[in-house]
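For reference, the structure discussed in these notes is given below.
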Amino acid sequence: MDNTEKHLAVLELAVKRLRDAEAALNAARLDVETEAVAAVRAGGDVREVAGLSGIAPGDIAQLGAIMADNPPA
(Lines give C-alpha, C1' and ligand atoms only; values in the text may rest on other atoms or scores of the structure.)
Protein backbone atom coordinates (compact mmCIF):
# COMPACT_ATOMS: atom_id res chain seq x y z
CA MET A 1 0.00 0.00 0.00
CA ASP A 2 1.55 3.31 -1.05
CA ASN A 3 1.28 6.62 0.76
CA THR A 4 -1.72 7.79 -1.30
CA GLU A 5 -3.65 4.60 -0.58
CA LYS A 6 -2.94 5.00 3.14
CA HIS A 7 -4.28 8.55 3.10
CA LEU A 8 -7.37 7.46 1.21
CA ALA A 9 -8.00 4.66 3.71
CA VAL A 10 -7.67 7.11 6.60
CA LEU A 11 -9.96 9.53 4.79
CA GLU A 12 -12.59 6.82 4.29
CA LEU A 13 -12.52 6.06 8.02
CA ALA A 14 -12.84 9.75 8.87
CA VAL A 15 -15.81 10.11 6.52
CA LYS A 16 -17.48 7.08 8.11
CA ARG A 17 -16.97 8.54 11.59
CA LEU A 18 -18.43 11.85 10.41
CA ARG A 19 -21.49 10.15 8.90
CA ASP A 20 -21.99 8.13 12.08
CA ALA A 21 -21.70 11.29 14.19
CA GLU A 22 -24.16 13.15 11.96
CA ALA A 23 -26.65 10.29 12.26
CA ALA A 24 -26.29 10.30 16.04
CA LEU A 25 -26.75 14.09 16.13
CA ASN A 26 -29.89 13.86 14.00
CA ALA A 27 -31.31 11.16 16.28
CA ALA A 28 -30.53 13.25 19.37
CA ARG A 29 -32.14 16.32 17.78
CA LEU A 30 -35.29 14.32 17.02
CA ASP A 31 -35.34 13.08 20.64
CA VAL A 32 -35.13 16.66 21.94
CA GLU A 33 -37.86 17.84 19.58
CA THR A 34 -40.14 14.93 20.47
CA GLU A 35 -39.61 15.38 24.22
CA ALA A 36 -40.13 19.15 23.97
CA VAL A 37 -43.48 18.67 22.25
CA ALA A 38 -44.46 15.96 24.74
CA ALA A 39 -43.54 18.21 27.69
CA VAL A 40 -45.70 21.06 26.38
CA ARG A 41 -48.58 18.71 25.62
CA ALA A 42 -48.32 17.39 29.20
CA GLY A 43 -48.81 20.93 30.49
CA GLY A 44 -45.24 22.19 30.68
CA ASP A 45 -44.61 25.89 30.32
CA VAL A 46 -43.63 26.62 26.72
CA ARG A 47 -41.00 29.19 27.71
CA GLU A 48 -39.39 26.80 30.19
CA VAL A 49 -39.39 23.97 27.64
CA ALA A 50 -37.96 26.34 25.03
CA GLY A 51 -35.21 27.40 27.41
CA LEU A 52 -34.25 23.83 28.23
CA SER A 53 -34.45 22.51 24.69
CA GLY A 54 -33.07 25.49 22.80
CA ILE A 55 -36.10 25.38 20.52
CA ALA A 56 -38.03 28.61 19.98
CA PRO A 57 -41.57 28.56 21.41
CA GLY A 58 -43.12 29.05 17.97
CA ASP A 59 -41.04 26.20 16.59
CA ILE A 60 -42.30 23.92 19.38
CA ALA A 61 -45.87 24.70 18.29
CA GLN A 62 -44.98 23.98 14.65
CA LEU A 63 -43.29 20.73 15.61
CA GLY A 64 -46.36 19.76 17.61
CA ALA A 65 -48.57 20.31 14.58
CA ILE A 66 -46.21 18.36 12.32
CA MET A 67 -45.95 15.49 14.81
CA ALA A 68 -49.71 15.33 15.17
CA ASP A 69 -49.92 14.62 11.45
CA ASN A 70 -46.76 12.49 11.26
CA PRO A 71 -45.90 10.90 14.62
CA PRO A 72 -42.26 9.79 14.94
CA ALA A 73 -41.63 6.09 14.48
Side-chain angles (χ1 to χ4, degrees):
M1 181 179 279
D2 69 20
N3 204 23
T4 300
E5 289 173 332
K6 288 178 187 177
H7 285 289
L8 290 176
V10 171
L11 174 60
E12 287 176 354
L13 289 173
V15 169
K16 181 181 180 336
R17 286 193 311 271
L18 175 62
R19 288 184 181 146
D20 290 347
E22 288 173 336
L25 176 61
N26 288 338
R29 184 176 290 119
L30 180 58
D31 287 346
V32 170
E33 292 171 350
T34 302
E35 293 305 324
V37 169
V40 170
R41 286 183 179 164
D45 180 71
V46 173
R47 289 187 184 144
E48 182 179 7
V49 171
L52 288 170
S53 67
I55 302 170
D59 291 344
I60 293 172
Q62 286 180 325
L63 288 168
I66 291 168
M67 288 180 187
D69 293 336
N70 303 299

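Note that the numbering runs from 1 along the sequence shown for the chain. The basis for the numbers below is simple: all heavy atoms, side chains too, and nothing from hydrogens, waters or symmetry mates.
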Could you pull out all residues at least two apart from Asp20 that satisfy salt bridge (charged side-chain N to carboxylate O under 4.0 Å, His left out)?
Lys16
How close do [X] and [Y] get, counting heavy atoms only, and between which atoms?
X	Y	result
Ile60	Val46	CD1-O, 4.3 Å
Ile55	Asp59	CG2-CB, 3.6 Å
Ala39	Val49	CB-CG2, 3.8 Å

Candidate pair Lys6 and Val10, rule side chain to side chain contact (heavy atoms under 4.5 Å, CB included), full reasoning
CA-CA 6 Å; Lys6 288 178 187 177; Val10 171; 5.5 Å; no
Show me, pair by pair, the donor-acceptor contacts under 3.5 angstrom made by side chains of residues 62-69, not counting sequence neighbours?
none

Once rounded to the nearest 0.5 Å, what's the spacing between atom CG of Asp2 and atom CG of Leu8?
8.5 Å
Among the clusters formed by ILVMFWY side chains lying less than 4.5 Å apart, do Val37 and Val32 turn up in the same one?
yes
Within-4.5 Å side-chain heavy-atom neighbours: His7 and Asn3
yes
